[in-house]
Amino acid sequence: MAHTSRISCICRGVRMISTILFEFTNSHITFQYILFKGMSLVFPEDDGLFTSSLFFPFLIFSLFLCMFIAILGNRYQRKLNKQERYFRPLYDLNPSSIIMIDPSGFIIDLNPSSEKLTQMDKEDIIGLHFTHFLPKHEQEVTKQRFEKVLAGEVVEYEVQIHNSNGDMIDVFVRNIPIVVENKIHGIYGIIMDITKEKRNMEKIHFMAYHTPLTNLPNKRKLSEDVGEILAHRIPFSLIYLDLNEFKKTNDRYGHLAGDAVLMEVAKRLREVDDQGVAYHIGGDEFAVTLPEVQHEAIEKIALGIANEISLPITYHEFTLEVFASLGIARFPFDAETIEEILQKADLAMYASKELGRGHLVFYHDTLLKKVEERFKLEQDLKEALEKREFELYYQPQFEICTGKFCGAEALLRWNHPEKGILSPDVFIHVLEETGLIVDVGEWVITEVLGWICSWTEAGYEFEHISVNLSPKHFEKHSLCRFIEEVNHEHTSCLHRLDIEITESALINLEKSIDSVRELKKLGISISLDDFGTGYSSLSVLHQLPIDCLKIDRSFIQNFNSDTKALIQMIIQMADNLNVKVVAEGIETNEQLTFLINQGCTYGQGYYFSKPLPQTEFEEKWLKGP
Ligand code: C2E
Ligand code: CA
Ligand code: CA
């Protein structure tokens with residue numbers, strides 16, 4: 001029995017040695033299993049060992065086998081160590097953080113970059129669950145990714161983690177399963193800090209979708225957002241806003257003032273954020289999308305926006321005012337596609353602009369008809385100049401106290417092939433907006449200069465013929481050169497040419513002042529038209545070499561104590577400045593008498609004569625009665 005227990009002791013010793021050796025070879029489980037399986041097959045019980053004649057040969061064979069395996073294992077281990085030495089720097093010096101996670105999600109190893117990323121020491125990280133670094137909302141989805149990796153997939157994703165200071169870091173993660181002998185023993189996480197790239201991308205994205213000045217989303221964003229809403233077929237309305245008077249503000253106070261206005265408008269629009277989304281389309285155009293299609297509700301919000309925008313804006317010592325024209329289109333009532341809804345809101349906005357300050361127009365089909373008409377008008381006007389359909393009428397002017405004829409104002413007419421003679425009210429704004437007014441103005445100057453020369457040569461007596469020029473002529477400096485070219489053969493006629501400019505031409509005073517001075521040098525006289533209705537202050541009159549003020553006909557035609565006082569004041573002021581005064585639109589004897597009594601020298605109006613075609617004017621007023 002004592003012998004038996006000695007033998008079993010030896011057996012246990014063999015087992016132990018083999019275990020240690022096999023452990024050393026990293027394959028102990030397999031080999032131990034084989035050894036004991038073999039032992040149990042040969043010796044079903046320990047007691048049987050002792051009595052068996054095979055015991056000692058088996059023992060010696062086992063020892064040799066173990067030693068052989070140990071030597072092999074040692075070699076293998078050395079090879080592994082050598083390989084590890086090769087790969088170790090990849091792990092230690094890798095700028096990406098690399099962590100090793102066991103199958104339950106606990107971190108078991110990490111490289112130095114991981115310490116830098118998390119701002120924590122290795123020993124504090126080891127043993128933590130990987131979800132420790134994830135914000136709550138990312139945990140569940142990341143756990144699901146973890147499961148996929150445990151199933152053998154390589155998974156890549158972007159996620160936010162926080163470091164020990166609580167700073168959020170954007171990272172790109174690649175999770176790779178650690179597979180040894182077809183078994184997954186854990187997960188590698190290779191983690192790259194992409195916070196900088198992410199911020200840069202966000203900046204680029206922001207710039208692509210926002211207007212830099214106002215930081216509001218831009219037209220591209222509007223198109224995409226509208227596209228998205230339409231794709232989900234969610235009813236909504238689109239408000240297009242355009243600022244009236246903005247160009248004037250820009251011209252008068254400079255671009256910085258214009259920028260300040262746009263920024264303030266953007267700020268006010270942002271306040272509708274709880275009801276809709278505001279966009280800056282570009283220039284002075286904005287848009288708002290509302291999740292609302294009920295007429296009254298939209299109207300209420302839109303009027304609120306219009307009111308808000310019309311509140312005065314303080315810029316340095318100035319108080320600036322802008323008004324918004326608003327056009328509204330609704331989905332699905334007015335449009336089905338992005339292009340359609342943008343176009344229809346835009347159309348409605350143009351219609352509201354034509355109504356004047358701060359109006360609100362809902363899109364309706366007749367607007368489309370109006371636009372078509374307007375388009376046709378533009379086309380026809382473009383052809384009118386080539387087809388010589390424009391004509392000048394002349395309205396005589398008089399010394400009102402004597403009734404003596406002294407000159408005339410040339411007024412444009414369009415001899416339309418179907419509609420007959422059209423007055424400028426119908427088409428002049430289209431000429432202005434399309435810029436055609438410059439070509440037409442040049443034609444007017446050429447025509448009038450030609451007639452001035454002919455009439456002078458014919459010996460007719462008159463002081464001047466006035467032409468109306470659009471502010472657009474003063475935006476470029478070529479006006480004088482043009483007049484000189486037209487007139488190079490008849491220089492003596494220029495002193496009979498009078499140019500009427502409206503006060504709006506003087507808004508950008510620095511630009512226009514030079515043009516006016518050059519015109520004066522050519523001997524041309526300058527009249528300030530529609531005086532009293534616009535912007536010009538008295539200081540403008542001091543700076544500009546004006547020859548004549550034309551009192552706007554609205555003052556003459558709406559006689560009351562206020563307008564009378566104003567007329568009196570203009571006449572006195574002009575007298576002090578040694579400037580002539582012409583009263584326009586005199587229709588009645590009462591108006592004439594009042595003007596004579598106030599000391600006004602010149603006048604024109606239906607009381608004397610309507611504007612006449614050239615031949616008739618020539619017959620009636622130049623050749624004399
Ligand atoms: P305006 O320069 O103020 O011209 C005077 C306008 O008053 C003319 O209208 C004239 O027919 C009208 N008028 C004159 N006397 C009376 C009157 O007693 N009663 C009433 N009710 N009206 C009177 P018209 O010819 O229709 O011209 C309208 C405007 O079109 C002009 O106003 C001027 O601003 C513009 N316009 C006319 N011709 C030209 C042109 O050749 N070039 C440019 N840029 N504008 C022009
Ligand atoms: Ca005029
Ligand atoms: Ca006028």
Side-chain angles (χ1 to χ4, degrees), residues 381 384-385 389-398 400 407-416 420-451 464-475 479 482 497-506 512 525-534 536 546-559 567 570 580-592 594-595 600 602-614 616-617 621:
L381 277 170
L385 200 59
E389 288 170 2
F390 288 117
E391 221 177 287
L392 284 172
Y393 275 39
Y394 295 84
Q395 185 175 36
Q397 294 175 335
F398 302 87
I400 54 175
E409 177 178 4
L411 294 157
L412 192 64
R413 298 290 179 267
W414 180 14
N415 198 350
H416 193 280
I421 298 286
L422 298 178
S423 84
D425 296 340
V426 183
F427 60 86
I428 206 105
H429 62 285
V430 184
L431 289 180
E432 289 272 358
E433 283 157 23
T434 52
L436 281 172
I437 194 74
V438 176
D439 296 332
V440 173
E442 289 180 351
W443 173 79
V444 171
I445 291 173
T446 315
E447 184 78 4
V448 166
L449 268 178
W451 284 115
H464 65 270
I465 305 290
S466 304
V467 296
N468 294 280
L469 284 192
S470 147
K472 285 221 156 64
H473 284 278
F474 293 86
E475 283 170 15
L479 180 62
F482 173 78
L497 179 68
D498 176 72
I499 290 181
E500 295 190 8
I501 53 177
T502 53
E503 292 165 293
S504 46
L506 304 176
S512 44
S525 64
I526 308 290
S527 297
L528 199 51
D529 204 0
D530 305 340
F531 189 74
T533 56
S536 55
I546 299 284
D547 299 277
C548 174
L549 284 184
K550 295 191 79 175
I551 305 177
D552 191 68
R553 69 175 190 274
S554 61
F555 297 123
I556 316 281
Q557 288 173 354
N558 302 307
F559 260 173
I567 292 168
I570 294 174
K580 283 193 326 189
V581 177
V582 177
E584 289 185 315
I586 305 171
E587 289 182 358
T588 64
N589 201 21
E590 183 208 347
Q591 292 162 350
L592 182 68
F594 173 79
L595 289 163
C600 176
Y602 300 94
Q604 71 186 84
Y606 295 172
Y607 177 82
F608 302 104
S609 167
K610 286 201 166 182
L612 301 169
Q614 176 252 320
E616 212 176 307
F617 165 71
W621 297 106

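The figures here come from the full heavy-atom set of this structure, side chains too, leaving out hydrogens, waters and symmetry mates. Treat the numbers as computed from the prediction; the structure is a model and nothing was measured. For ligands, and for the atoms within them, numbers begin at 1 and follow the listed sequence.
With a 4.5 Å cut-off on side-chain heavy atoms, His473 and Ile501 do not count as touching. Contact check for Leu436 versus Phe427: no side-chain heavy atoms found under the 4.5 Å cut-off. With a 4.5 Å cut-off on side-chain heavy atoms, Thr434 and Leu381 do not count as touching. Taking the side chain as every heavy atom from C-beta outward, Lys550 and Ser466 never approach each other to under 4.5 Å. Here the side chains of Leu449 and Val467 are not in contact, with every heavy-atom distance at 4.5 Å or above. Annotation: side chain of Tyr394 is not in contact with side chain of Trp621 (no heavy-atom distance under 4.5 Å). Counting heavy atoms from C-beta on, the side chains of Leu392 and Trp443 come closer than 4.5 Å. For the pair Lys580/Asp547, no side-chain contact is recorded, criterion being any heavy-atom separation below 4.5 Å from C-beta on.
Among heteroatoms of the N, O or S kind in Glu409, OE2 lies nearest the Ca ion (ligand 2).
Considering backbone and side-chain atoms together, Leu412 places an N or O closer than 3.5 Å to an N or O of ligand 1. Of the polar atoms of Glu587, at least one N or O is found under 3.5 Å from an N or O of ligand 1, judged by distance alone. Ligand 1 has a nitrogen or oxygen under 3.5 angstrom from a nitrogen or oxygen of Arg553. Of the N or O atoms in Glu409, one or more lie within a sub-3.5 Å distance of an N or O in ligand 1. At a 3.5 angstrom cut-off on N or O pairs, Gln604 does not count as close to ligand 1.
Rounding to the nearest 0.5 Å gives a distance of 6.5 Å between CD of Gln395 and CD of Glu409. Atom CG of Leu431 and atom CZ of Phe390 lie 5.0 Å apart (nearest 0.5 Å). Rounding to the nearest 0.5 Å gives a distance of 10.0 Å between OG of Ser525 and CD1 of Ile546. Rounded to the nearest 0.5 Å, atoms CD1 (Ile421) and OH (Tyr393) are 3.5 Å apart.
At a 4.0 Å heavy-atom cut-off, ligand 1 does not touch Leu392 at all. With a 4.0 Å cut-off on non-hydrogen atoms, Gln395 touches ligand 1 through its side chain and not its backbone. Residue Asp552 does not touch ligand 1, judged by heavy-atom distances below 4.0 Å. At a heavy-atom distance under 4.0 Å, no atom of Val440 approaches ligand 1. At a heavy-atom distance under 4.0 Å, no atom of Lys550 approaches ligand 1. Residue Glu584 touches ligand 1 through its side chain alone, judged by heavy-atom distances below 4.0 Å.
Less than 4.0 angstrom separates some heavy atom of Gln557 from each of these atoms of ligand 1: 17 (C), 19 (N), 20 (C), 21 (N). In the vicinity of Gly605, heavy-atom distances shorter than 4.0 Å reach the ligand 1 atoms 15 (N), 18 (O).
Contact analysis leaves Glu432 out of contact with ligand 1, as no non-hydrogen atom separation drops below 4.0 angstrom. No heavy atom of Gly441 sits closer than 4.0 Å to any atom of ligand 1. Taking a 4.0 Å cut-off on heavy atoms, Arg413 registers as neighbouring ligand 1.
Of the listed options Phe390, Phe427, Tyr606, Tyr606 places a heavy atom closest to atom 16 (C) of ligand 1.
Within the 4.0 Å cut-off (strictly below), no protein heavy atom is located near atom 32 (O) of ligand 1. When distances from atom 41 (O) of ligand 1 to the protein are checked, a heavy atom turns up under 4.0 Å.
In the model, Asp530 has no side-chain atom that pairs as donor or acceptor with a side-chain atom of Thr502 under 3.5 Å.
Of the options Glu587, Glu584, Gln591, a side-chain hydrogen bond (donor to acceptor under 3.5 Å, both in side chains) to Gln557 is made by Glu587 and by none of the others.
Under 3.0 Å from the Ca ion (ligand 3), one finds the following protein N/O/S atoms: Asp529 OD1, Asp530 OD1, Glu584 OE1, Glu584 OE2.
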